[in-house]
Chemist: 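Could you have a look at this structure, given as structure tokens, before my questions?
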Amino acid sequence: MASDNSPARRRRGRPTVLDPEAVGTAALRLWAEKGYGATGWDDISAATGVSARTLMRHFPSKAALAWVGVPAATRRLTETFHTLPLDIPLSDALRAAVVASVSDDALVLSAGGYWMRVVAEEPELAEASGRAYAPWTEALAREIARRQPGAPRAICHAVAAAYREAAQAALYDWAHGGPDGSPAHAVDALLRRLDIRITPPEEAP
């Protein structure tokens, strides 16, 4: 039976209420303790109080549990852009929005440094990152295109992908460093060292 603190509380006659980020946090803790390959759906079920059948119905794969915070991060990204003037430097706008997207990530904050350590050390999880972050990257590319009219779509996506990789690199360093400070501060510090500019075709060498 699920406890009051479990991600799901089973009630007769009502559908299971599932908290994806709580399930993701529990899975990451198990992976950090037992290893990714040694942890099955039954182990995650026992740790969360959610049946293995329900977990497999909600999540397309075990690896997807590591990236349940992406939809919320994407919302924070787009909401922040709406508050930023169009005439500020592109690098400033991108940095502010990307930092905001990770600043309240419940999975990062609750799981601490072991989240990125587990992801970095498990090839299946790292491989799933690009697919999981596709909506986040697409939202960033659309905003780059809006702020840089006429920029080729390929360039907008390349810049968005570069910022995704830079943010994840900052989180990897933060996770392996203790961690010290907040993940958002780590991402902000790294992105302040980037100055990506999209050159109009007539100015390209």
Chemist: How about Leu94 and Val159: do any of their side-chain heavy atoms sit closer than 4.5 Å?
Modeler: yes
Chemist: Taking the side chain as every heavy atom from C-beta outward, state whether Asp92 and Leu84 have any pair of such atoms under 4.5 Å apart.
Modeler: no
Chemist: For residues 186-196, which side-chain donor-acceptor pairs fall under 3.5 Å, sequence neighbours excluded?
Modeler:
unit_1, atom_1, unit_2, atom_2, d
Asp188, OD1, Arg95, NH1, 3.1
Asp188, OD2, Arg192, NE, 2.7

Chemist: Can you sort out the partners of Thr78 under side chain to side chain contact (heavy atoms under 4.5 Å, CB included), two or more places apart, ordered by chain and number?
Modeler: Ala139
Chemist: Excluding sequence neighbours, so at least two apart, what forms side chain to side chain donor-acceptor pair (under 3.5 Å) with Ser129?
Modeler: Gln168
Chemist: At what distance, to the nearest 0.5 angstrom, does CH2 of Trp136 lie from CG of Leu77?
Modeler: 6.0 Å
Chemist: Could you pull out all residues at least two apart from Arg53 that satisfy side chain to side chain donor-acceptor pair (under 3.5 Å)?
Modeler: none
Chemist: Of all residues at least two apart in sequence or in a different chain, which pass the ring pair (Phe, Tyr, Trp, His ring centres under 6.0 Å) check with Tyr36?
Modeler: Trp31
Chemist: Just jot down the side chain to side chain donor-acceptor pair (under 3.5 Å) partners of Thr137, sequence neighbours excluded, or say none.
Modeler: Arg164
Chemist: Could you tell me the separation between the CZ atom of Phe81 and the CG atom of Leu140, rounded to the nearest 0.5 Å?
Modeler: 5.0 Å
Chemist: Would you check if Trp174 and Val102 make a side-chain contact, meaning some heavy-atom pair closer than 4.5 Å?
Modeler: no
Chemist: Would you say that Lys62 contacts Met56 through its side chain, given a criterion of any heavy-atom pair below 4.5 Å between the two side chains?
Modeler: no
Chemist: Look at the aromatic rings of Trp41 and Phe59 and report parallel, tilted or perpendicular, splitting at 30° and 60°.
Modeler: parallel
Chemist: Below 4.0 angstrom, N of the basic side chain to O of the carboxylate: do Glu79 and Arg76 qualify?
Modeler: no
Chemist: Give a yes or no answer on whether the side chain of His58 reaches the backbone of Thr54 with a donor-acceptor pair at less than 3.5 Å.
Modeler: yes
Chemist: Nearest 0.5 Å, please: how far is CG in Leu90 from CZ in Arg147?
Modeler: 7.5 Å
